[in-house]
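Written below as structure tokens is the structure these notes are about.
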Amino acid sequence: MFVRGIIGILFAEIDVMENYDTLSIPEATILQNELRKRVDISERELSIRCIGGADISLNLYSSTIYAGIILLSFPALQPMGWSLVKAETHFPYVPGYLAFREVPALTEAWKRLAIKPDVLIVDGHGIAHPRRLGIAAHFGVETGQPSMGCAKKLLTGKYSEPGLLVGDHSPIMAGTEQIGYAFRSKSKTAPVFVSPGHLLGMENSLQIIRQCVGKYRIPEPTRLAHELVNRFRRGELPEGAG
DNA sequence: GCGACAG
DNA sequence: ATCTTGTCGC
């Protein structure tokens with residue numbers, strides 16, 4: 001079983017089919033620890049003209065998932081494209097291993113995009129993860145694209161409640177290491193949790209999310225991606241890109 | 001052993 | 001994640 005482990009993981013790393021479905025949790029953990037070595041969250045000057053939002057929708061107790069990516073102009077945040085993909089997943093939902101369920105479908109949706117966004121915001125965490133490889137970081141490393149995470153709940157780490165006004169924020173700490181920010185996207189409303197995924201830094205992620213806030217608690221890229229995949233799941237929209 | 005636990 | 005009406009508070 002140990003042999004299968006090593007070979008299986010190396011295979012999974014290069015397998016274009018991204019067949020994560022048969023990986024065990026211990027194998028998935030080894031793969032995460034391998035991929036984390038490739039994460040780059042150094043700060044940089046980003047010129048963003050297009051930003052993307054990625055999310056998944058599903059029916060309870062079903063192995064079918066509906067993945068989607070929405071493209072928005074930046075900083076105007078006007079819709080300029082999308083990609084929708086229906087797929088099957090057999091990897092269970094286990095906190096800390098979300099990527100193994102959603103990344104394959106999101107990667108397929110990514111490939112079908114005619115235009116790639118300069119930055120992709122994934123619904124979930126970036127490095128604010130037990131092994132610093134949340135779904136946004138995992139997706140970024142596998143696709144080689146700038147990414148960051150924006151989650152509604154904390155997975156790991158601690159933070160002190162930020163001020164109550166929109167824009168207020170406080171660091172999410174894992175011991176002495178900062179792994180993200182608790183960000184008040186709407187006054188007197190629960191904060192969202194942001195963290196860099198890949199090819200952009202901690203401060204970059206904060207500046208980006210600041211410019212993605214609209215009228216609601218959930219930043220526009222994530223909110224619109226959620227709305228998009230839900231309509232897709234209900235059959236109100238067809239699979240494809242545009 | 002106990003509590004926590006993205007979507 | 002998804003299923004759902006009303007209700008509390010600014």
Side-chain angles (χ1 to χ4, degrees), chain A residues 20-21 25 28-29 31-32 35-36 39 53-70 84-107 109 120-141 147-159 163-166 168 172-175 179-198 205 209 215-219 221-236:
Chain A
Y20 287 155
D21 290 357
I25 292 299
T29 302
L31 181 50
Q32 289 183 324
L35 294 178
R36 69 181 293 184
V39 172
D55 194 15
I56 294 291
S57 183
L58 52 78
N59 288 311
L60 207 51
Y61 307 131
S62 171
S63 59
T64 299
I65 61 176
Y66 301 80
I69 293 178
I70 180 99
L84 293 168
V85 171
K86 179 179 177 180
E88 290 295 309
T89 185
H90 294 289
F91 198 97
Y93 167 66
V94 179
Y97 300 85
L98 179 63
F100 297 92
R101 268 177 73 74
E102 307 189 347
V103 164
L106 287 180
T107 298
L120 181 69
I121 299 181
V122 182
D123 189 13
H125 294 283
I127 64 163
H129 174 277
R131 289 165 294 287
R132 309 294 178 264
L133 198 85
I135 186 170
H138 190 131
F139 179 92
V141 169
S147 63
M148 61 175 278
C150 177
K152 296 175 286 299
K153 297 177 183 175
L154 196 64
L155 170 61
T156 191
K158 298 179 177 177
Y159 72 100
L164 297 176
L165 302 183
V166 58
D168 288 341
I172 299 172
M173 306 296 292
I179 57 177
Y181 275 115
F183 179 79
R184 196 76 70 183
S185 49
K186 190 173 193 297
S187 296
K188 301 176 183 179
T189 299
V192 292
F193 306 93
V194 301
S195 58
H198 188 48
S205 69
I209 209 65
K215 183 179 179 180
Y216 309 85
R217 176 198 176 214
I218 305 303
T222 301
R223 190 180 72 80
L224 294 175
H226 193 267
E227 194 173 278
L228 180 73
V229 294
N230 269 329
R231 288 198 291 170
F232 175 36
R233 176 175 55 81
R234 297 173 192 141
E236 298 169 18

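Every heavy atom of this structure was used, including side-chain atoms; hydrogens, water molecules and symmetry mates were not. So you know, we letter chains A, B, ... as the sequences are listed, proteins then strands, and number each from 1.
Note on Gly149(A): nothing from the nucleic acid sits closer than 4.0 angstrom, heavy atoms only. When heavy atoms are screened at a 4.0 angstrom cut-off, Arg233(A) is found touching the sugar-phosphate backbone but no base atom. Within the nucleic acid shown, Ser57(A) comes within 4.0 Å of sugar-phosphate atoms alone, with no base atom in reach, counting heavy atoms only.
Atom CG in Leu106(A) sits roughly 14 Å away from atom P in dA1(C) (whole-Å rounding). Distance, Ile179(A) CD1 to dC5(B) C1': 14 Å, rounded to whole Å. Distance NE2 (His125(A)) to P (dA6(B)): 7 Å, rounded to an integer number of Å. What separates CZ of Phe91(A) from C1' of dG7(B) is a distance of 13 Å, to the nearest Å. A straight line from CG of Leu154(A) to P of dG3(B) spans 19 Å, rounded to a whole angstrom. Counting to the nearest Å, the C1' atom of dA6(B) and the CZ atom of Arg131(A) are 12 Å from each other. As a whole-Å value, the separation of Leu164(A) CG from dC10(C) C1' is 13 Å. Atom CG of Asn230(A) is separated from atom P of dC3(C) by 7 Å (rounded to the nearest Å).
Residues Ile135(A) and Glu102(A) have side chains in contact (heavy-atom distance under 4.5 Å, counting atoms from C-beta outward).
Using modelled atom types and a 3.5 Å distance limit, the side chains of Asn230(A) and Ser57(A) yield a donor-acceptor pair. Checking Thr89(A) against Tyr20(A) by side-chain atom types alone, no donor-acceptor pair falls below 3.5 Å.
Nucleotides of DNA chain C nearest to Lys188(A) and Glu102(A) differ in position, and the one nearer the 5' end is that of Glu102(A).
A donor-acceptor pair under 3.5 Å is formed between the side chain of Ser185(A) and the backbone N or O of Arg217(A). Counting only distance, with no hydrogens or angles, the side chain of Thr189(A) and the backbone of Ser187(A) share a donor-acceptor pair below 3.5 Å.
Residue Tyr93(A) and nucleotide dG7(B) are classified as a stacked aromatic pair, their ring centres being separated by less than 5.5 Å at an interplanar angle below 30°.
Regarding contacts with the backbone of dA4(B), every side-chain N or O of Thr156(A) stays at 4.0 angstrom or more from both OP1 and OP2. Between Asn59(A) and dA1(C) there is no side-chain N or O to OP1 or OP2 distance below 4.0 Å. Taking side-chain N and O atoms only, His129(A) has no distance below 4.0 Å to OP1 or OP2 of dC5(B). For His138(A), no side-chain nitrogen or oxygen approaches OP1 or OP2 of dA6(B) to under 4.0 Å.
Comparing dA6(B), dT2(C), dG7(B) against the side chain of Lys152(A) picks out dG7(B) as the nearest.
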